[in-house]
Protein chains: 2
Amino acid sequence: MGIKDDAVEVRAQGWRTLAALHGSIEAELEKALQSAVELSVVEYTVLDALSRQDGWHMRMQQLARATALSSSATTRLVNRLEDRGLLTRILCADDRRGIYTELTSAGQKLLLEAKPAHDETLAAALASAELVPELEPLVKALGALQGV
Amino acid sequence: MGIKDDAVEVRAQGWRTLAALHGSIEAELEKALQSAVELSVVEYTVLDALSRQDGWHMRMQQLARATALSSSATTRLVNRLEDRGLLTRILCADDRRGIYTELTSAGQKLLLEAKPAHDETLAAALASAELVPELEPLVKALGALQGV
DNA sequence: GCCAGATACTTGCGCAAGCAACTACTTTGC
DNA sequence: GCAAAGTAGTTGCTTGCGCAAGTATCTGGC
């Protein structure tokens, strides 16, 4: 095996590690958010993204990118949250194709309620991942990223 | 904000970064594998995991863990691959509840065909992620993990 | 001004996922 | 040795996803 081949193998190994860590964290968050506030991980992601947005509104496309979802999935995701009264659609005045979504006060309230559960579960998931030998270095590396 | 609160925010930011990187790599692999050999990412993961296994066989449960899938999803995933002749089910002699899955030669062949596309796409996905400011540090960190 | 092509979102459809219930087998306790 | 509890895998059902096609709106060439 030459140096080049090693690089390929290192990348593949890194990807498997990344996927494994992502999968285990997501599964734990899913369970915790579901039982605490009946939200899926992507639903939480939407509420959280909106709350961290100036003016608390985003267009569908931005939301699609933030959640790594297709635009059709985003439509239905927003439908679900709108039906529960957690956000509202607002037509763009300047570009009438566009639609802004905005958190309602119920949405803000639910997010506040969900956040502690989310953060605790995330901490616990990272801690338990750190005990798995294959995952431990990546967890350490993740913690070392400066949070902007 | 105290030190404790910062740690929470750093973890949340790290998780968002991890999820974003995972999502973008997975999407690119999905497209590439689909067009090259009509495999999804998890299907490739199964074939790859089997090929890296001594004796080339694994039990359903192991497979479920390796793919982060439920056991019912694993059943149907193995069905799909079996229907395409890429692997076979073999009853365990020692524990008759268990079922081994094993790559067929067609499965090995397809995997060999898929691997270059997979590896190139992975390299390209990492390279392009490295150009995104938020993702760049994590990509660097991933490359620095020693591959066992 | 107006038509062609691009962009933003929605809808119809098929597919793969999870949960819960089921069957089959093994292990434990007495 | 046998009943109870546990484990391995499959099946029925519901849900959410992506793709492709559809509608509405904007933009650029002439």
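All chains are named by letter (A, B, ...) in the order of the sequence lines, taking the proteins before the strands, and each is independently numbered beginning at 1.
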Rounded interatomic separation in angstrom, taking [atom1] from [X] and [atom2] from [N]:
X       : N      : atom1 : atom2 : result
B:Asp94 : D:dA8  : CG    : C1'   : 13 Å
B:Glu30 : D:dC17 : CD    : P     : 15 Å
B:Gln61 : C:dT26 : CD    : P     : 16 Å
A:Arg84 : D:dT15 : CZ    : C1'   : 14 Å
B:Glu26 : C:dA16 : CD    : P     : 15 Å

Straight-line distance of A:Arg59 CZ to A:His57 NE2, nearest 0.5 Å: 9.5 Å
Quick one: is B:Arg80 getting a side-chain N or O under 4.0 Å of the C:dA17 phosphate, OP1 or OP2? yes
Less than 4.0 angstrom between a side-chain N/O of A:Arg89 and OP1 or OP2 of C:dT10, yes or no? yes
B:Gln13 and B:Arg16: side chain donor to acceptor below 3.5 Å: yes
Quick one: does B:Thr45's side chain have a donor or acceptor within less than 3.5 Å of a partner on B:Thr67's backbone? no
Reading DNA chain D from 5' onward, which residue's closest nucleotide shows up sooner: A:Ser71 or A:Asp95? A:Ser71
Of the listed nucleotides [options], the one nearest the side chain of [X]:
X       : options                : result
B:Arg96 : D:dG18, C:dC25, C:dA17 : C:dC25
B:Ala73 : C:dG18, C:dT10, D:dC17 : C:dG18
A:Ser72 : C:dC9, D:dG9, C:dT11   : C:dT11
A:Arg97 : C:dA6, D:dC19, C:dC25  : C:dA6

B:Asp94, CG: over 12 other non-hydrogen atoms inside 6.0 angstrom: yes
What contact category does B:Arg59 fall into here, base, sugar-phosphate, or nothing, at under 4.0 angstrom with non-hydrogen atoms? sugar-phosphate
B:Ala68 vs A:Thr74, nearer the 5' end of DNA chain C by closest nucleotide: A:Thr74
